[in-house]
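Working notes, beginning with the structure itself.
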Amino acid sequence: MNNIIVSKFGSATFSTPEMIKKAADIIISDKNRRYIVVSSPGERSADDVKMTDMLFILNSRYENREDFSEMLDQVKARFTEMVRGLGVSFDVDAEIMNIKKNLFFGKGNDFVVSRGEYITAKIFAEYLGWPFVDAANFVTFNRDGTLDREKTFAAAEKIFADTEHAVIPGFYGTIGGTGIKLFPRGGGDTTAAIVARAVHAELCEKWSERTKVFSADPSIVENPAIIRHLTYEELKQLNYMGVSVFHEDVVLLMQDIGIPTKVRNIHDIDDAGTLVTKELPPEAHRGVAACIAGKRNYRIIHIEKFGLNRLTGIGQKVFGIFTERNISCEHYMSGIYRFSIVVKNPLFDLKRAEILQALNNAIKPESITVEKNLSLITVVGKGMRTVKGIFAKMFSGIAEAGVKVKMIEQGSDDLNIIIGVYDEDYEATVRAIYKAMIL
Ligand code: ASP
């Protein structure tokens, strides 16, 4: 381990030359920031289109035999603006010709889209006076589209062993020797994690325009606290509830690699950001829980049958019926006479009649009822369940808010508690839990 920092800058950073200069200042302000992973330019205004999206459109216009020249001109104009604004010498025309040539050669969507990060990284490397290292030289995908971790890690270590500084385009790698393949959207973070592993970095940073990682939705809770420390496990729980700081695959990779990651805001560089680590550091300062997140619009299906607890294979039958229809059972509860499943809408409503019929045929229950408008709220925080009196505090807060709790689930992993309430009580419940667990 050394002091090396790998910094990934998101698309907002590359939206204008001024923002790029700001990123350069951030980089230069700490000599440990030696490896920079780059995204492609983001929107300059509300009606602007992200470069990645422009390139997706460009390729689909070409494939549908529509006129793509205007889109190509727009791509060229954006890179020309960048080059002029930074005052670097860079042949944008040659890169645009290369995109055009490869469209005609049928190199495919992923190649075309990857040029967003490729060209940006080349221009930024020129501006910083640092070497450019192409991600296609070390990120390798298997034929089935998954990351070939072994090859990628080995190639990355080799390349970066001789490179003191580098600017690297994120979001893509090579497949089948000569092809280019993209990661899922937001995949530049994966590239950064790979580089961080290769250089044995002390820290991997993600600079984006995303507002800070709040402990509750600021549109529900006034001025919620910023989460300063999170574990990867907690981050996974938050992802499940739609608080997406990183793509799910990235979190898994980062967790395996184990290098701490810091989420920073490019518009507020003085803010310390949020540190994500495997274990919480002793100085981690936060409330009993780290965060509250939730989602509305679930359905809860109750199957009632006398003697249900003595029957075998009920769960298997019920889950089978949902699985065959590609609907995942988010949660389930079983009692003496009742088996209840929580599923996401609108998928369930689309297949409601046939599912109820199948459940009737398979279980022959006394009744099946479907409750609508259920919200799930998850309270995430490692170790919070061991805090004495915390449940009493939380549920008395919820009761004071006049909310009826429909469901409670404690994950087996000591990380979260999930509470189901009616949609209309969602906001009041979030506020009550915030007061009890985070304030
Ligand atoms: N430019 C890509 C996207 O818009 C990848 C990234 O930003 O990480 O998803």
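Atoms within a ligand are numbered from 1 in the order they appear, just like the ligands themselves.
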Would F138 and F153 count as a close aromatic pair, with their ring centres under 6.0 Å? no
How far is [atom] from the closest protein heavy atom, and which atom is that?
{"atom": "atom 1 (N) of ligand 1", "answer": "T52 OG1, 2.8 Å"}
{"atom": "atom 7 (O) of ligand 1", "answer": "S39 OG, 2.7 Å"}
{"atom": "atom 8 (O) of ligand 1", "answer": "G188 N, 2.9 Å"}

With a cutoff of 4.0 Å, is [X] in contact with ligand 1, counting heavy atoms of the residue only?
{"X": "M51", "answer": "no"}
{"X": "G186", "answer": "yes"}
{"X": "G187", "answer": "yes"}

Flag the pair K206 and D189 as a salt bridge only when some basic side-chain nitrogen lies within less than 4.0 angstrom of an acidic carboxylate oxygen. yes
Salt bridge or not for K351 and E324, using N-O below 4.0 Å? no
Does any N or O atom in E117 lie less than 3.5 angstrom from one in ligand 1, N or O only? yes
Could you check whether Q237 and N416, counting side-chain N and O atoms only, form a donor-acceptor pair closer than 3.5 Å? yes
Identity of the nearest option to atom 3 (C) of ligand 1, non-hydrogen atoms only, from H247, R185, K206: R185
Specify side chain, backbone, both or neither for K50, according to which of its non-hydrogen atoms lie closer than 4.0 Å to ligand 1. side chain
I'd like to check which ligand 1 atoms, numbered from 1 as shown, lie under 4.0 Å from a non-hydrogen atom of K8. 6 (C), 7 (O), 8 (O)
Do R115 and F111 form a cation-pi contact, if we require the NZ or CZ to be under 6.0 Å from the six-membered ring centre and within 45 degrees of the ring's axis? yes
NZ or CZ of K181 within 45° of F141 ring axis and under 6.0 Å: yes
Pair S40-T52, side chain to side chain donor-acceptor pair (under 3.5 Å): steps then yes or no: CA-CA 7 Å; S40 71; T52 300; 2.8 Å; yes
